[in-house]
Amino acid sequence: MPPRSASPTRPLAELGRGARDALPFLLVVFPFAVLFGAVARAAGLDVIAAMTMSVMVIAGAAQFTALALMQEHAPALLVVASALAVNLRMAMYSASIAPWLGGLPLWRRALAAYFLVDQTYALSIARFEAEPRLPLAARAAYYAGTVLVVCFPWYLGTWIGAVAGAAIPARLGLDFAVPITFIAIVSPMLRTPAHLAAAATSVLAALLLAGLPTGTGLILAGLAAMIVGAEVERRGFGPAAPALPQPDPDAAEGGEP
Amino acid sequence: MTAEYNIWLIAAAIGLGSWLIRFSFLGLIGDRQLPPWVMRHLRYTPVAVIPGLVAPLVVWPEATGGAPDPVRLGAALIALAAGALTRRLLPAVVAGMSAFWLLQWLLG
C-alpha cells in the first residue's frame, strides 16, 4: 500500500485552520495592541516610534515593560535588559518547537522565529502534538495561519491606538481575557498525570518566585515544571505514545532519506 | 521621552535581542535528533510555562490592584474545567468569560 502522500491542498487547509483556531486570541491581541498604541502616545512617543516598537518586538509584555521603565527614567541599558528578561521564556518556545519546524530551510526558520510569540507558539504546539503525522509543509502553513491572525492585528492595533490616542474607552475586563485564552489553550493538554504535575508545579513555582526580577521567576518555574513532568513520565504516568514529529511520508522537502 | 531616549535604538536592541532568543534553538538545533531525555523534558514546555505565565495574572490581577479576586479565581477554574472536559479552545474561552461577567454581576 503506497504511503499516504501529503496532498497539495493540505497546507492551504492548514493555513485556514491556523487562522481560524487563532481567532479567539484576536479578542485579546487587538485591544491590547490598541492599548499599547494609546499608552505609548500618552507617554510621549509619536506614532512612528510606537509602530517601531510593535514591529521590532511583537511582544506586548516586553513592550509595556520598556514603556514603564522609560517613564521612570531608567537607564537605557536597564530598559533593554528588562524587556529581554521578560521575553526569555521564548527560548523555551524555540527549543520546544524546533523538532516540529526545524526541518524548514534556515531563512524560513529565521522568519518563523521573528513571529514566535506566546499565542503562535501555544496554538501551533497544540496542533502539532495533536496531529504528529502532519507533513512539515502543513505544519509551516498552520503556523503561518496563526501568525496572520495574531501578529498582523498587533501592528494594525498599535497604529490605531497611537493615532486615536486618548479617545480609547476602558476595556470591560478584557485584561482577564488574557489568562482565560491561555487557560483555554492549555487545559486540553492536561491529558496525563505528568502534564498535570508539570502545570501544578508551574503555577506554584511562578507564584512563589513572583518576587524575582520580571522573567526570571517564570524561567525557573518553567524549568522546574519540565523536570517534574519528565520525572513523572519516567515513572510511568506520562503519555502512552508521546507525540513526536513523524517522518514526512514524501520526504520531498530537504531530501533526507 | 524621545528627548531622553533614542527610541529607535532601544526598539532595535529589544527587537534584535528578542529575535535571537526566539531563533536560538530553532536555528541551532533545527530538526536534529535530540537525545530522548531532552525530548522528554521539552514535551512539557507548554504546560510548564503557560500556567506559570498566567497564574500571577489570575491570583493578583492588576484590575484589583493586586488583591486576589474570587470572581477571577472562579472564572479561571471554570475555564480550566471547560477546557479539560471539552478538549476545545472556544468552549473554554466562552465558559471562562461568561463566568467572569456573570460572577462579576452577581458578586461585584
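Residue numbering restarts at 1 for every chain, and letters A, B, ... go by the order of the sequence lines. Just so it is clear, the values below take in all heavy atoms, side chains as well, and ignore hydrogens, waters and symmetry mates.
Interface residue B:V49: backbone and side-chain heavy atoms are both found under 4.5 Å from chain A. Neither the backbone nor the side chain of A:A205 comes within contact range of chain B, judged by heavy atoms closer than 4.5 Å. Within the 4.5 angstrom heavy-atom criterion, only side-chain atoms of A:L123, from C-beta onward, approach chain B. Neither the backbone nor the side chain of A:F115 comes within less than 4.5 Å of any heavy atom in chain B. Contacts between A:A200 and chain B at a heavy-atom distance below 4.5 Å are absent for every atom of the residue. Proximity to chain A is absent for every atom of B:A81, based on heavy atoms less than 4.5 angstrom apart. Contact annotation for A:L84: both backbone and side-chain heavy atoms come within less than 4.5 Å of a heavy atom of chain B. Using a 4.5 Å cut-off between heavy atoms, A:I227 touches chain B through backbone and side chain atoms alike. Proximity to chain A (any heavy atom under 4.5 Å) is shown, for B:W37, by neither the backbone nor the side chain. Heavy atoms closer than 4.5 Å to chain A are found in the backbone of B:R88, but not in its side chain. Proximity to chain B involves both the backbone and the side chain of A:T181, based on heavy atoms less than 4.5 angstrom apart.
The candidate with the highest count of non-hydrogen atom pairs below 4.5 Å against chain B, out of A:V203, A:I97, A:L209, is A:V203. Chosen from A:M56, A:M90, A:R109, A:E129, the residue pairing most often with chain B at heavy-atom distances under 4.5 Å is A:R109. For the set A:E231, A:R234, A:M53, A:R191, the count of heavy-atom pairs under 4.5 angstrom toward chain B peaks at A:R234. Contact count versus chain B (heavy atoms, under 4.5 Å) is highest, among A:A76, A:P179, A:A81, for A:P179. Here A:A110 is the residue among A:G222, A:A122, A:P24, A:A110 with the most heavy-atom pairs under 4.5 Å with chain B. The candidate from B:L53, B:I78, B:L34 with the greatest count of non-hydrogen atom pairs under 4.5 Å with chain A is B:L53. Taking chain A as the reference chain and counting heavy-atom pairs below 4.5 Å, the highest number among B:T86, B:L26, B:V47 is found for B:L26. Top candidate by heavy-atom pairs under 4.5 Å with chain B, chosen from A:G229, A:A210, A:A206, is A:G229. Across B:G15, B:A12, B:G83, B:P91, the residue that shares the most heavy-atom pairs under 4.5 angstrom with chain A is B:G83. For the options B:V93, B:L89, B:L16, heavy-atom pairs under 4.5 Å to chain A are most numerous at B:L89.
Proximity of A:D21 to A:T146: side-chain heavy atoms (C-beta onward) are nowhere separated by under 4.5 Å. Looking at B:T45 and A:I125, their side chains never come closer than 4.5 Å, going by heavy atoms from C-beta outward.
A side chain to side chain contact (heavy atoms under 4.5 Å, CB included) with B:V54 holds for exactly one of A:I183, A:V186, A:D118; it is A:I183.
Counting heavy-atom neighbours within 6.0 Å of A:L23 CG, excluding the residue itself, gives a total above 12. In A:Y114, the OH atom is crowded: over 12 heavy atoms of neighbouring residues, nucleotides or ligands sit closer than 6.0 Å.
The shortest heavy-atom contact between B:G96 and A:I180 is CA-CD1, 3.8 Å. In plain terms, the two heavy atoms of A:C151 and A:I58 that are nearest each other are SG-CD1, 4.4 Å. Among all heavy-atom pairs drawn from A:V57 and B:R22, the shortest one is O-NH1, 3.1 Å.
Side-chain N or O atoms of A:S202 include none that pairs as donor or acceptor with a backbone N or O of A:A198 at under 3.5 Å.
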* Walk me through it: do A:M51 and A:I48 pass the test side-chain contact (heavy atoms from CB on, under 4.5 Å)? => CA-CA 5 Å; A:M51 285 302 297; A:I48 305 227; 5.6 Å; no
* What's the verdict on side-chain contact (heavy atoms from CB on, under 4.5 Å) for A:R127 and A:R17, showing C-alpha distance, side-chain angles and the deciding distance? -> CA-CA 10 Å; A:R127 178 77 181 141; A:R17 191 174 176 129; 3.4 Å; yes
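Defined by atom type and a distance below 3.5 Å, a donor-acceptor pair is present between the side-chain atoms of A:Q63 and A:S54.
The aromatic ring centroids of A:F128 and A:Y121 lie 6.0 Å or more from each other.
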